[in-house]
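Structure first, commentary second.
Proteins get letters first, then strands, A, B, ... in listed order; numbering begins at 1 in each.
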Amino acid sequence: MKYDFSSIEKKWQDKWEEAGIFHASDDHTKKKFYGLVEFPYPSGAGMHVGHIKAYSGLEIVSRKRRMQGYNVLFPIGFDAYGLPTENYAIKTNTHPRIVTDRNIAKFTQQLKRVGFSFDWTRVIDTTEEGYYKWTQWIFRKMFDAGLVFRATTLVNYCPSCKVVLSNEDSQGGKCDICHSDIVQKSKDVWYLRITEYADKLLNGLEEVDYLPNVKLQQENWIGRSEGAFVNFKIKDTDDTLRIYTTRCDTMFGATFMVIAPEHPIIEKYADRISNLDALNNYKAECAKKTEFERTQLVKDKTGVKIEGLCAVNPVNGKEIPIFISDYVMMGYGTGAIMAVPAHDERDYDFAKKFGIDIIEVIQGGDISKEAYTGDGEMINSGFLNGIKTKKEAIAKMLEFLSAQGVGEKGVQYKMKDWAFNRQRYWGEPIPIIHCPTCGMVGVPYEELPLRLPDMEQFEPGEGGESPLAKIDSFVNCTCPKCGGAAKRETDTMPQWAGSSWYFLRYCDPHNDKEFASKEALQYWMPVDWYNGGMEHVTRHMIYSRFWHRFLYDIGEVPCEEPYAKRTAQGLILGPDGEKMSKSKGNVVDPNDVVDEYGADVLRVYTLFMGEYGSAAPWSESSVRGCKRFLDRVAALTDMISGEGVTPKLESAFHKTVKKVSMDIEDMKFNTAIAAMMSLINEIYDVGSLTRDELGIFVRILCPFAPHICEEIWETLGNEGFASLAAWPEWDEEKTVDATVTYAVQVNGKLRNTLDLPKDIDKETALAAAKADAKIKQFIDGKTVVKEIFVPGKIINVVVK
RNA sequence: GCGGGUAUGGCGGAAUUGGUAGACGCGCUAGAUUCAGGUUCUAGUGAGGAUUCCUUCAUGAAGGUUCAAGUCCUUUUACCCGCACCA
């Protein structure tokens, strides 16, 4: 067969589309498979080969599942709200709607050329009214449930994007989008109370099948810690200073306290404090720094002692000084700590610098040199003296604290509430109305979607105000509760909103009564297998798990967890081994590869290049190797002789079918392809194969290289599509050879190999080995001290 | 600093989980075909030494356990990713 890939690929893509063979069926009686890939952000640059690899993994699994008779939902869509589009729109003076539509068209064209088996009737665009109506609807439900609140805080503000960013979006003190420096700014911010779901999000991990490191990252992100809240009396007041600690066992060693510079206690007792100016100066210094900068100065601790206030250690009545320092942050715990320099490195550094007492309460270290954080016997600790373990000491102390009424067990999370608004145009409008009499009122459900108004000038306003604030007709409205004049919220939602529930919409994407019907959700959810990038396993996955668990709690979805299984693909690096980026000029465009080698080659190569989960550099010459492989596959049509089984190939076929079948389940696509390459080498050695054997070969290769396989399938005279043909079975017995090659070792060194019957027993095998002329050389005249026989693998004779 | 990971030929990478290290592909060498060739086919290809079937050394480095270690243990180096004073 002549392998004219460009005409073959066009031909079959048209046929698939015409027959609609990849559309998920509404027949809910069939067994289902829901494979989900992260939908792309349709940027102006178009897709690069990394996208192709990201989708190829579950593309293979989905195609295999179809051939195994599953009803498969393998959808795609576009996460199209976002800053890059808006910035591009501003720069080129084109409406973001037009930019978005253009980019989606480009992405769609690229994806279709690769022959992905997506269900194109279920495409989602998060910026369409029919979609964001339900994004707003879920937000409103959260508002009703009290999960939405507003607070004035210091926020990370990007002066270049003119937008407030979450901590997650401003990591490293740089804007996630434009990489300019972040400044701190006081602002009214919308929050989603995700912390209320911290425990549920943590516990839910027990019932899902995520990669171990994905689970670990989510656990670390949530950051649950168990400890105690303790109230330290402030001397000569009725007030207490409340702290959080995970080491209440060390309380006898607390020699000072540290509070965050912003701690309200300073203002409250301003009249007693004699060095208020010094404190305020220090606070002003800290405010200039971003949170990131504050965390930079690891060793050299700074701080100021509060003159005029002092605290009382509740376990021994000792009076201890209070300091302010930026190593304690208002955002975690209570914004105040007890400092135990002997057993905490940060406190140790601070105490050394300020000449504060260091009292050892746990034996085992040398506190003259450094803090000791390990276990040991308690000393200088009153009723804890003599206790040998941390665990025991903590339990005893907690008992004491609660008996005295000065403290109790507590839990803290690193995870913070989710700052959920942007002062930008290209996002979902937040459906809230501010009424002077009623306060914050949700836009009535029947008025959703709250449409994003069309406008010409969508630059952000000065001071980071949303462009929507400029449209009077949008802002001015009546309060749905009291009917009085009111104003609309003008902020929009962050990009994370649309992607927090898209997997639900795929189940029933055209529904205009509900975000998805109960029947569709009941059938399709949860997602059976979700694959995507490691960069999304914390933020996106935790946000979307949060939304989903909320919907479960209000009875809108049938299962607690949205994703039954999660895997991740590795990056494709540029030919230079660097991360692909436009600025480095090392981006490979899938269209170029398809033009030159064909879609099937692109698909095979992205999966063959290395382990699916790890990064690997692009290599043009290796692409050619994959082309050569498919050329050899095409030529098999000229090697057919007869029907049935070629004896010399029978075992090889069963082995390969087994290996490919199993490797796909483990995402070991590279070795699956290698196995098919080996098989084709064997076929070439034999020189011919039967019509039936070629049919098997084509079916196991079909998920990887579907176009060429369809063409050969047709050449073989089959009716219907290879893509829907039954996945081949293997016979376990025929994967085992009659004879096995044993490695024969003397003293653990390989000396010869012997072909022996597969079910040979130990005695016979050893006799055969010892009778072998080569082995004889090594054992003659020596005494055999040990004989090892591993069935099917190795014979080892140990001699002296 | 803490947590996780990786390290195997000239290159990308295999290795049934403790059992013949280097599958498969690239690249390279030689030959045939073509001789317009980023064509196709055949053979070879970890390094060193003897060259006819022989042998020694090799999985970042150094030790150890074992009949047997890329795989397990200890120490160590380099790189990558995540988190960042979390009390």
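Nucleotide B:G63 is shown with an anti base, its glycosidic torsion being more than 90° from 0.
Residue A:Asn670 places none of its side-chain N or O atoms closer than 4.0 Å to OP1 or OP2 of B:C24. When the side-chain nitrogen and oxygen atoms of A:Arg632 are compared with OP1 and OP2 of B:U40, none of them lie within a distance under 4.0 Å. Phosphate contact (OP1/OP2 of B:C53, side-chain N/O of A:Asn752, threshold under 4.0 Å): absent.
To the nearest whole angstrom, the two P atoms, one in B:U74 and one in B:G5, are 13 Å apart. Comparing B:A21 with B:U56, their P atoms sit 12 Å apart, to the nearest whole Å. B:U71 and B:A15: their P atoms are spaced 16 Å apart (whole Å). Nucleotides B:U75 and B:G3 place their P atoms 13 Å apart, quoted to the nearest Å. For the P atom pair drawn from B:G18 and B:A30, the interatomic distance equals 44 Å after rounding to whole Å.
Below 30°, between 30° and 60°, or above 60°: for A:His540 and A:His536 the angle between ring planes is above 60°, a perpendicular geometry. By the 30° and 60° cut-offs, the orientation of the rings of A:Tyr244 relative to A:Phe229 is tilted.
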* To do: May I have the step-by-step check of salt bridge (Lys or Arg N to Asp or Glu O under 4.0 Å) for A:Lys776 and A:Asp772, ending in yes or no?
  => CA-CA 6 Å; A:Lys776 261 197 160 130; A:Asp772 182 72; over 6 Å; no

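Within 4.0 Å (heavy atoms only), A:Thr741 reaches at least one base atom of the nucleic acid. Contact annotation for A:Arg224: no contact, since no heavy-atom pair falls under 4.0 Å across all strands. Note on A:Ile788: a base of the nucleic acid sits closer than 4.0 angstrom, heavy atoms only.
With a cut-off of 3.5 Å on both Watson-Crick or G-U wobble distances, the partner of B:C85 is given as none. Pair assignment for B:U45: B:G27, on the basis of Watson-Crick or G-U wobble contacts that are both within less than 3.5 Å. When both pairing distances are held under 3.5 Å, B:A7 makes a Watson-Crick or G-U pair with B:U77. Shown here, B:U52 forms no base pair; nothing in the strands shown gives a Watson-Crick or G-U wobble contact with both key distances under 3.5 Å. A 3.5 Å limit on both hydrogen-bonding distances identifies no Watson-Crick or G-U partner for B:A15. Look at B:U33: it lacks any Watson-Crick or wobble partner with both distances under 3.5 angstrom. Across all strands shown, B:A21 forms no Watson-Crick or G-U wobble pair with both distances under 3.5 Å.
Each of B:G25, B:A14, B:G4 was ranked by its minimum atom distance to the side chain of A:Leu216; first place goes to B:G4. When distances run from any side-chain atom of A:Arg624 to the nucleotides B:G38, B:G19, B:G12, the shortest one goes to B:G38. Here the side chain of A:Val798 is nearest to one of B:G38, B:A23, B:C67, namely B:C67. When each of B:C26, B:C57, B:U20 is scored by its nearest atom to the side-chain atoms of A:Thr753, the top-ranked nucleotide is B:U20.
When only modelled atom types and interatomic distance are considered, A:Tyr597 and A:Glu620 share a side-chain donor-acceptor pair under 3.5 Å.
Whole-Å rounding puts the A:Leu573 CG to B:C80 P distance at 12 Å. The distance between atom CD1 of A:Ile542 and atom C1' of B:C83, rounded to the nearest whole Å, is 12 Å. For A:Lys2 and B:U40, the NZ to P distance is 14 Å, given to the nearest whole Å. Straight-line distance from the NZ atom of A:Lys786 to the C1' atom of B:C67: 6 Å, rounded to whole Å.
When the shell of 6.0 Å around CD of A:Glu665 is examined, it contains more than 12 heavy atoms from other residues, nucleotides or ligands.
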